[in-house]
Amino acid sequence: QVQLVESGGGLVQAGGSLRLSCAASGRAFSTYTMGWFRQAPGKEREFVARINRSGDSTYYATSVKGRFTISRDNAKNTVYLQMNSLKPDDTAVYYCAIAITRTFASRQTDYDYWGQGTQVTVSS
């Protein structure tokens with residue numbers, strides 16, 4: 001069983017930045033693909049970014065590419081999402097997730113474990 005705990009959400013003005021963290025339990029963290037998703041009110045959960053096990057390959061949704069950066073520290077069992085130039089449309093609950101077997105994971109069904117989410121609110 002893997003547990004994920006997100007932190008770092010909050011209220012920020014448009015144009016500002018936030019850094020989300022996701023701490024994972026378990027010894028095999030460095031073998032998993034990690035992803036971030038988000039869900040805005042009244043909308044479906046959507047893919048944001050993913051990073052491979054070694055951290056040398058990343059992939060982003062078009063809506064965040066160039067503004068968000070995903071990274072990981074395997075020694076700390078933690079994945080990060082640096083969010084810059086935030087927009088009101090980025091307002092959502094952000095979730096981190098682990099894909100146990102899939103490397104190129106961009107669908108919700110590719111991921112096996114999820115955190116509880118952290119709220120990000122961007123004011124205009």
Side-chain angles (χ1 to χ4, degrees):
Q1 186 75 11
V2 178
Q3 292 186 327
L4 302 170
V5 178
E6 301 100 333
S7 62
L11 173 64
V12 64
Q13 289 187 333
S17 298
L18 280 176
R19 188 195 197 201
L20 305 183
S21 299
C22 173
S25 65
R27 300 180 182 179
F29 176 81
S30 62
T31 67
Y32 304 146
T33 291
M34 299 295 299
W36 285 96
F37 286 75
R38 67 186 182 185
Q39 187 167 18
K43 296 186 177 180
E44 294 186 356
R45 191 173 299 188
E46 64 175 2
F47 170 79
V48 174
R50 71 161 186 257
I51 187 166
N52 70 339
R53 62 186 68 180
S54 60
D56 59 1
S57 176
T58 57
Y59 181 74
Y60 298 91
T62 302
S63 59
V64 306
K65 194 171 185 179
R67 300 187 298 122
F68 291 10
T69 302
I70 188 171
S71 61
R72 67 191 297 162
D73 185 339
N74 287 341
K76 296 182 178 180
N77 278 18
T78 301
V79 63
Y80 305 97
L81 186 68
Q82 177 67 43
M83 306 185 295
N84 298 328
S85 302
L86 283 162
K87 306 174 182 179
D89 284 349
D90 295 318
T91 295
V93 177
Y94 283 71
Y95 300 88
C96 69
I98 282 180
I100 299 295
T101 58
R102 295 189 67 90
T103 299
F104 302 105
S106 299
R107 301 172 300 180
Q108 291 187 58
T109 53
D110 293 334
Y111 289 83
D112 303 282
Y113 296 98
W114 295 79
Q116 83 289 348
T118 186
Q119 176 71 47
V120 171
T121 303
V122 184
S123 63
S124 57

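We find that D90 and R38 are joined by a salt bridge, their nearest charged nitrogen and carboxylate oxygen being less than 4.0 Å apart.
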Working for side-chain contact (heavy atoms from CB on, under 4.5 Å), residues E6 and W36:
CA-CA 10 Å; E6 301 100 333; W36 285 96; 3.9 Å; yes
Output, in order, the C-alpha distance, side-chain angles, deciding distance and verdict of ring pair (Phe, Tyr, Trp, His ring centres under 6.0 Å) for Y59 and F104.
CA-CA 9 Å; Y59 181 74; F104 302 105; 9.1 Å; no
Run R67 and K87 through side-chain contact (heavy atoms from CB on, under 4.5 Å) and show every step you take.
CA-CA 10 Å; R67 300 187 298 122; K87 306 174 182 179; 3.8 Å; yes
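Judged by distance alone, with hydrogens and angles left aside, the side-chain atoms of T31 form no donor-acceptor pair with the main-chain N or O of F29 at under 3.5 Å. Formation of a donor-acceptor pair under 3.5 Å by the S21 side chain with backbone atoms of S7 is not found in this model.
Judged by the 6.0 Å distance and 45° axis criteria, R72 is not positioned over the aromatic ring of Y80. Seen from the ring of Y111, R50 does not count as a face-on cation partner, given the 6.0 Å and 45° thresholds.
Partner of V48 under the side-chain contact (heavy atoms from CB on, under 4.5 Å) criterion, chosen from V64, L20, I70: V64.
Checking S17 against N84 by side-chain atom types alone, a donor-acceptor pair falls below 3.5 Å.
Residues F47 and Y60 keep their aromatic ring centres 6.0 Å or farther apart.
A search for side-chain contact (heavy atoms from CB on, under 4.5 Å) contacts involving S123 returns L11, Q13, not counting sequence neighbours.
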